[in-house]
Q: 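One structure coming up, written as structure tokens, with questions to follow.
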Amino acid sequence: MPDRTPRVLVTGAGGFIGHHLVSFLKERGYWVRGVDVKRPEFAPTEADEFQLLDLRRWANCLEATRNVDDVYALAADMGGMGFISANHAAILHNNVLINTHTLEAARTNGVERYLYTSSACVYPEHLQTDADVTALKEEDAYPAAPQDAYGWEKLVSERLNQHYHDDHDLDTRIVRFHNIYGPLGTWRGGREKAPAALCRKAAEAKLDGEREVEIWGDGEQTRSFCYIDDCVEGIYRLMESGHSEPLNLGRDRMVTINQLVDIIGEAAGIVPEKKHVDGPQGVRGRNSDNTRLKEVLGWAPEIALEDGIQRTYDWIEEQVEAQRSGGASASQTVDPLEPRAAAA
Ligand code: NAD
């Protein structure tokens, strides 16, 4: 670290991973500016400065990136499979604007290091058609054929970061997350991802004295899940690493959604009765190949799925109870990106 306190910007600091990353960086002595269109919904931010800015707009990106050494770019219009499969145009439009403007503003303001948060959704659909899938290596992203607009945008923004690295000497990083989960994330309202949605359904069943948990599809689709504490540790290690090529960040233990529901049931203390219904499922199987992650960072995520799910379930059960009693957690009623006005 330099002599003076290093100054960093976290975009998307009102969101799940961004909020946790702000706390992580504050613990390590950084001065942190958080930027988002909304404040964190479940706990106050620890950022030194928090600005409500719509990063689709160029002028806002210039303001957000002034006087900082590093940028962690996490802002995105995103959600779980239900949201991603129903909002292609908005996702592509909004995220291209956010990422193109934030990156160019960072260059204009002389930012030194820039970390872009990509996704396992960049990988080609045809490599993920079996539940018993081969884990995905970074180079598998090409030839490109992501399933959704969300993945295409991530791939384009990855390329943009690589070109800024090569053409403009910006010290860039690209991380591809695989299903990050944990407390303080969206758990209802339509943008929640599978672990949070399934924890909510299990908590509702338990509190109603029932056991039924609804699952989209037959539940035999597979994924790996990475706990939030491992995620922020990995992000930070990557920023410090000097590695500018895309890097997976996830766990490499693959489970079916049915198995995930059983683990959630254990955390809840119920034996879930699985009800399979139609719904968007994403690719059939996906896992992270962590060979390069271990080579580059000398580390890999280590928190067991059972432990992470217990912490996540306990927090979500509290939220469901608080919501039912009309308590503090009656949040997420307003989506700040609705209506999605066209942005300059
Ligand atoms: P999140 O939705 O909780 O956080 C994203 C934040 O970006 C939200 O708070 C949102 O309000 C903000 N945002 C959206 N549009 C904005 C705008 N125009 N201006 C400013 N802020 C805006 O999502 P997350 O899970 O914390 O994800 C963080 C990053 O990681 C995203 O880029 C996401 O695509 C990526 N990612 C996450 C996962 C995962 O499993 N959570 C997986 C792959 C990739």
Q: Just how far is it from atom CD of Gln281 to atom CD1 of Ile257, taken to the nearest 0.5 Å?
A: 9.0 Å
Q: Heavy-atom count check: over 12 atoms from other residues, nucleotides or ligands less than 6.0 Å from Asp278 CG?
A: no
Q: Checking Arg286 against Tyr123: charged group under 6.0 Å from the ring centre and within 45 degrees of the axis?
A: no
Q: Just by distance, no angles: are the side chains of Arg66 and Asn109 close enough, under 3.5 Å, to form a donor-acceptor pair?
A: no
Q: Got a donor-acceptor contact below 3.5 angstrom from the Arg211 side chain to the Val271 backbone?
A: yes
Q: How far does CD1 of Ile309 sit from CD1 of Ile263, to the nearest 0.5 angstrom?
A: 7.0 Å
Q: With rounding to the nearest 0.5 angstrom, report the CD1 to CG distance, Ile17 to Leu184.
A: 12.5 Å
Q: With the side chain counted from C-beta on, respond yes when His178 and Cys226 share a heavy-atom pair under 4.5 Å apart, and no when they do not.
A: no
Q: Please answer: with hydrophobic residues joined when any side-chain heavy atoms are less than 4.5 Å apart, are Leu25 and Val71 in the same cluster?
A: no
Q: Could you tell me the separation between the OG1 atom of Thr312 and the CG atom of Asp307, rounded to the nearest 0.5 Å?
A: 10.5 Å
Q: Applying the side chain to side chain contact (heavy atoms under 4.5 Å, CB included) criterion to Val68, which one of Val32, Val10, Val111, Val8 satisfies it?
A: Val111
Q: Assess the residue pair Glu153 and Ser157 against the criterion (side-chain hydrogen bond (donor to acceptor under 3.5 Å, both in side chains)); give the C-alpha distance rounded to whole Å, side-chain angles, the decisive distance to 0.1 Å, and a yes or no.
A: CA-CA 6 Å; Glu153 187 280 328; Ser157 291; 2.6 Å; yes
Q: After noting the C-alpha distance and the side-chain angles of Asp166 and Gln162, does the key distance pass the side-chain hydrogen bond (donor to acceptor under 3.5 Å, both in side chains) rule?
A: CA-CA 6 Å; Asp166 296 344; Gln162 288 175 297; over 6 Å; no
Q: Can a donor-acceptor pair be found, under 3.5 Å and without considering hydrogens, that links the side chain of Glu192 to the backbone of Thr186?
A: no
Q: If we count only N and O atoms by modelled type, under 3.5 Å, do the side chains of Thr256 and Asn258 hold a donor and an acceptor together?
A: no
Q: How long is the span from the SG atom in Cys231 to the OH atom in Tyr236, to the nearest 0.5 Å?
A: 15.0 Å
Q: Given Asp218, which of Lys274, Lys275, Arg284 fulfils the salt bridge (charged side-chain N to carboxylate O under 4.0 Å, His left out) condition?
A: Arg284
Q: Closest heavy-atom contact between Phe42 and Gly185?
A: CE1-O, 3.5 Å
Q: Is it the case that one hydrophobic cluster holds both Met81 and Ile180, taking links as side-chain heavy atoms less than 4.5 Å apart, direct or via other members?
A: no
Q: Assess whether a salt bridge exists between Arg253 and Glu306, defined as any Lys/Arg side-chain N lying under 4.0 Å from an Asp/Glu carboxylate O.
A: yes
Q: So do the side chains of Lys26 and Thr45 get within less than 4.5 Å of each other, counting heavy atoms only?
A: no
Q: Indicate yes or no: does Arg292 engage Glu139 in a salt bridge with an N to O separation below 4.0 Å.
A: yes
Q: Tell me whether Asp130 contacts the main-chain N or O of Asp132 through its side chain, where contact means a donor paired with an acceptor under 3.5 Å.
A: no
Q: How many angstroms lie between CD in Glu41 and CH2 in Trp187, if you round to the nearest 0.5 Å?
A: 10.5 Å
Q: Output yes when Arg237 and Asp230 qualify as a salt bridge under the 4.0 Å nitrogen-oxygen rule, no when they do not.
A: no
Q: Is there a side-chain contact between Tyr116 and Thr172 in this structure, where contact means two heavy atoms from C-beta onward sitting under 4.5 Å apart?
A: no
Q: State, to 0.1 Å, how close Ser118 and Glu158 come at their nearest heavy-atom pair, and which atoms those are.
A: OG-OE2, 2.7 Å
Q: Going by the rule ring-ring contact (aromatic ring centres under 6.0 Å, His included), which residues pair with His168 if we only count those two or more places apart in sequence or in a different chain?
A: Tyr164
Q: Would you say Ile91 and Met78 make side-chain contact, with heavy atoms under 4.5 Å?
A: no
Q: Which of these, Leu21, Asn99, Val175, sits in a side chain to side chain contact (heavy atoms under 4.5 Å, CB included) with Thr117?
A: Val175
Q: Under 4.0 Å between a side-chain nitrogen and a carboxylate oxygen: does that hold for Asp77 and Arg56?
A: no
Q: When you measure from the side chain of Arg7 to the backbone N and O of Trp31, does any donor-acceptor pair fall under 3.5 Å?
A: no
Q: If you compare all heavy atoms of Pro146 against all heavy atoms of Cys121, which two are closest, and at what distance to 0.1 Å?
A: CB-O, 3.4 Å
